[in-house]
K.L.:
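Structure below; questions to follow.
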Amino acid sequence: LEQGGAVKCWGELDCSGGPALRIPLKGRVKRLVDAENFCVLHDTGKPSCWSLNRGGITWNYDHPVKSIRALVGGRDHLCALTRQGRVLCWGEYKYGALGGKLRDGIEPRPVPGVPKVVELSSGEYHVCARTARGAVYCWGTLIAIKRVPVQRMRVPAAKALASGDSHTCVLTRRNQVYCFGQKGHGDQFVNSMKPKRIPGFRGVTRLVSNDNHTCGLRRGRVICWGEN
């Protein structure tokens with residue numbers, strides 16, 4: 001993401017081997033979305049997504065949904081947090097990441113059972129959301145092929161979320177860390193939907209997760225756990 005709001009892509013998936021490819025998007029881009037899809041969020045609150053191959057852009061489309069505050073995505077889904085606190089998801093339903101009993105499709109639809117929220121976090125096949133009061137709701141597939149409907153997770157009041165492929169970690173208002181799902185937080189907690197507090201990490205002020213590991217910032221130092 002360039003300073004002027006333009007987007008360039010290089011590397012695999014697939015702008016392979018050549019120079020950086022400029023993506024012809026209309027309008028200024030505010031944020032890139034960390035997902036298996038190629039998506040950006042414009043400063044107007046509108047998302048754009050596209051697909052690439054070795055020959056360049058194969059298709060490019062803008063979603064009709066507007067006034068988006070945040071956009072997250074996984075392997076086959078995208079979810080948007082609107083400025084009104086609603087959660088809208090679209091993509092493939094196979095693993096339950098769209099919530100409820102929604103069908104596949106590119107039309108954004110509300111996720112039933114999710115209250116007004118202020119934050120979204122997405123793994124490969126699951127999504128979690130946080131309310132202003134710190135409640136955490138999750139849905140999708142976190143463990144093997146077990147698909148989980150929208151449910152409230154039993155964690156203390158949260159102030160931030162961080163999701164890896166098949167796990168999510170919660171940073172509480174007391175700066176404690178709780179994790180659940182598959183991998184990403186030490187072998188002793190693998191394959192558990194019950195949130196577990198991570199011992200020895202009290203005082204963490206920021207979290208970030210990716211694949212099968214999580215890292216936190218504590219007193220200016222970065223600490224990590226999980227698989228490399």
K.L.:
What heavy-atom pair brings L98 and V111 nearest, and what distance separates the two atoms?
P.N.:
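Closest approach of L98 to V111, heavy atoms only: O-CG2, 3.5 Å.
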K.L.:
What's the separation between atom CE in M153 and atom NZ in K194, rounded to the nearest 0.5 Å?
P.N.:
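That separation rounds to 11.5 Å.
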K.L.:
Quick one: does W139's side chain have a donor or acceptor within less than 3.5 Å of a partner on A97's backbone?
P.N.:
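Judged by distance alone, yes, a pair lies under 3.5 Å.
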K.L.:
Is there a chain of hydrophobic side chains (I, L, V, M, F, W, Y, each step under 4.5 Å between heavy atoms) that links V118 to V72?
P.N.:
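In one cluster with V118: V72, no.
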K.L.:
Indicate yes or no: at least one non-hydrogen side-chain atom of L142 is less than 4.5 angstrom from one of Q182.
P.N.:
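Of all side-chain heavy-atom pairs linking Q182 with L142, none is under 4.5 Å.
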K.L.:
So H167 and S209, side-chain contact (heavy atoms from CB on, under 4.5 Å) or not? Walk me through it.
P.N.:
CA-CA 9 Å; H167 76 281; S209 294; 3.7 Å; yes
K.L.:
Can you name the residues that form a side chain to side chain donor-acceptor pair (under 3.5 Å) with S121, not counting sequence neighbours?
P.N.:
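Expected list: S163.
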K.L.:
Check whether more than 12 heavy atoms from other residues, nucleotides or ligands sit under 6.0 Å from atom CZ of R173, and answer yes or no.
P.N.:
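Yes, enclosed.
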K.L.:
Say you draw a straight line from CG of D211 to OG of S166; how long is it, rounded to the nearest 0.5 Å?
P.N.:
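Between atom CG of D211 and atom OG of S166 there are 9.5 Å.
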K.L.:
Measure the OG1-OH distance between T141 and Y95 for me, rounded to the nearest 0.5 Å.
P.N.:
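If I round to the nearest 0.5 Å, the distance is 7.5 Å.
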K.L.:
Can you name the one residue among R130, Q176, K159 that meets side-chain contact (heavy atoms from CB on, under 4.5 Å) with L171?
P.N.:
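Passing option: K159.
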K.L.:
To the nearest 0.5 Å, how far apart are CG in L207 and CD1 in I223?
P.N.:
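Answer rounded to 0.5 Å: 8.5 Å.
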K.L.:
Side chain of T82, backbone of I68: donor and acceptor closer than 3.5 Å?
P.N.:
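No; zero donor-acceptor contacts below 3.5 Å.
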K.L.:
Can you check side-chain contact (heavy atoms from CB on, under 4.5 Å) on C169 and F180, steps first, answer last?
P.N.:
CA-CA 7 Å; C169 290; F180 50 90; over 6 Å; no
K.L.:
Where is the tightest heavy-atom contact between G113 and V150, given as atom of each residue plus distance?
P.N.:
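Nearest heavy atoms, G113 then V150: O-CG1, 3.6 Å.
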K.L.:
Distance only, no hydrogens: is a donor on one side chain within 3.5 Å (strictly under) of an acceptor on the other, for H126 and T168?
P.N.:
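Indeed, the side chains of H126 and T168 share at least one donor-acceptor pair under 3.5 Å.
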K.L.:
Once rounded to the nearest 0.5 Å, what's the spacing between atom CD1 of I198 and atom SG of C179?
P.N.:
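Between atom CD1 of I198 and atom SG of C179 there are 4.0 Å.
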K.L.:
Looking at G73 and L78, what are the two nearest heavy atoms and their distance?
P.N.:
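Smallest heavy-atom distance, with atoms named: CA-CD2, 3.7 Å.
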K.L.:
Once you round to the nearest 0.5 Å, how far does NZ of K116 lie from CZ of R86?
P.N.:
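Answer rounded to 0.5 Å: 12.0 Å.
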K.L.:
Taking E119 for the side chain and L161 for the main chain, is one N or O donor matched with an acceptor at less than 3.5 Å?
P.N.:
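Indeed, once roles are kept as given, a pair shorter than 3.5 Å links the two residues.
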K.L.:
Set out, in order, the CA-CA distance, both residues' side-chain angles and the distance that settles side-chain contact (heavy atoms from CB on, under 4.5 Å) for V148 and M193, then state yes or no.
P.N.:
CA-CA 9 Å; V148 178; M193 280 301 298; 4.1 Å; yes
